[in-house]
Amino acid sequence: MLASRSARFAARLVDLMLWAVVSVPVYGVVTTYTEEGTARALASLGSSALLWTLLYPFALSRFGYTVGKRLMGVQVARMRTGRHAGFFQALGREFLYLFLAVIPIVGLLNVASCLWDKPYQRCWHDNAAGTLALDRRARRAAAG
């Protein structure tokens with residue numbers, strides 16, 4: 001019942017596109033009220049990262065999926081219980097994902113780590129958070 005790597009990748013792409021669309025107005029507001037230079041760049045980047053680290057964990061903890069994951073049939077669950085991750089568990093998962101993503105090569109290794117993680121195909125941020133990406137459709141079919 002694991003989600004396929006392609007579904008997980010597509011879900012992340014959809015979520016990144018939606019995040020970009022939502023970040024544009026936030027970026028506009030932040031740059032309007034921040035002085036030119038490095039402070040403006042840091043404020044806009046920080047506000048976008050903050051937006052991601054609040055919205056994404058909320059969706060994972062409340063529903064078990066984001067918009068992209070819902071469209072692709074992926075659900076994130078706790079490894080031990082199969083239930084939704086808690087908010088702080090999901091927050092840690094996403095914070096680690098973003099932290100690793102800004103480190104050259106390491107971010108790519110994080111995303112690629114599901115290729116050699118056996119048997120659960122988890123990335124480092126899933127391993128650290130104790131979460132697992134499941135196929136929602138297969139899970140529902142098995143339950144009902």
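It should be emphasised that the depicted structure is a prediction, and the values quoted were computed from it without experimental measurement. The figures that follow rest on heavy atoms only: side chains count, while hydrogens, waters and symmetry mates do not.
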> How close do Gly82 and Ala77 get, heavy atom to heavy atom, and via which atoms?
O-CB, 3.4 Å

> What are the two closest heavy atoms between Ala10 and Met72, and how far apart are they?
CB-SD, 3.7 Å

> Any side-chain to backbone donor/acceptor pair from Asn110 onto His125? Under 3.5 Å, distance only.
yes

> Decide whether Trp116 and Val106 are clustered together by the hydrophobic rule: side chain heavy atoms of Ile, Leu, Val, Met, Phe, Trp, Tyr closer than 4.5 Å, transitively.
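They do share one cluster, since a chain of ILVMFWY contacts under 4.5 Å joins Trp116 to Val106.
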
> Flag the pair Phe58 / Leu54 as yes when at least one side-chain heavy-atom distance between them is below 4.5 Å, and no otherwise.
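Contact flag for Phe58/Leu54 side chains = no.
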
> Report yes if the side chains of Tyr65 and Val74 come closer than 4.5 Å at any heavy-atom pair, otherwise no.
no

> Mind checking whether Leu16 and Val22 sit in one hydrophobic cluster, side chains of I, L, V, M, F, W, Y counted as touching below 4.5 Å?
yes

> So, the side chain of Arg83 versus the backbone of Arg78: is there a donor-acceptor pair under 3.5 Å, distance only?
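No, Arg83 side chain to Arg78 backbone: no donor-acceptor pair under 3.5 Å.
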
> Would you indicate whether Leu115, at its atom CG, is surrounded by more than 12 heavy atoms from other residues, nucleotides or ligands within a distance under 6.0 Å?
yes

> Which heavy atom in Ser113 sits nearest to a heavy atom in Cys123, and how many Å separate them?
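Taking every non-hydrogen atom into account, OG-CA, 3.1 Å.
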
> State, yes or no, whether a side-chain contact exists between Leu55 and Trp19 at a heavy-atom distance under 4.5 Å.
no

> Please determine whether residues Tyr56 and Val67 belong to a single hydrophobic cluster, defined as Ile, Leu, Val, Met, Phe, Trp and Tyr linked transitively by side-chain heavy-atom distances below 4.5 Å.
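Per the 4.5 Å side-chain linkage, Tyr56 and Val67 are not co-clustered.
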
> Show the numbers, then the answer: is there a side chain to side chain contact (heavy atoms under 4.5 Å, CB included) between Phe63 and Lys69?
CA-CA 10 Å; Phe63 309 110; Lys69 287 182 181 357; over 6 Å; no

> Please find the pair of heavy atoms, one from Gln89 and one from Gly130, that lie closest to each other, and give the distance.
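Gln89 and Gly130 have their closest heavy atoms at NE2-O, 3.7 Å.
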
> Indicate yes or no: at least one non-hydrogen side-chain atom of Trp52 is less than 4.5 angstrom from one of Asp15.
yes

> Same cluster or not: are Val102 and Leu98 linked, directly or through other Ile, Leu, Val, Met, Phe, Trp or Tyr residues, by side-chain heavy atoms under 4.5 angstrom apart?
no

> Would a 4.5 Å heavy-atom cut-off, applied to side chains only, mark Tyr120 and Asn127 as touching?
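Counting from C-beta outward, Tyr120 and Asn127 never come under 4.5 Å.
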
> Check step by step if side chain to side chain contact (heavy atoms under 4.5 Å, CB included) holds for Arg93 and Val76.
CA-CA 11 Å; Arg93 179 183 186 272; Val76 174; 3.9 Å; yes

> If you take all heavy atoms of Arg122 and Arg8, which pair is closest and at what distance?
CA-NH2, 4.4 Å

> Check whether any side-chain heavy atom of Leu60 sits under 4.5 Å from a side-chain heavy atom of His84, and report yes or no.
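Not in contact.
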
> With a 4.5 Å heavy-atom cut-off, do Phe88 and Leu91 have their side chains touching?
yes

> Could you tell me whether the side chain of Gln75 and the main chain of Leu134 form a donor-acceptor pair under 3.5 Å?
no

> Return yes when atom CZ of Phe9 has more than 12 non-hydrogen atoms of other residues, nucleotides or ligands closer than 6.0 Å, and no otherwise.
no

> Could you state the interatomic distance from CG (Leu108) to CG (Leu100), rounded to the nearest 0.5 Å?
11.0 Å

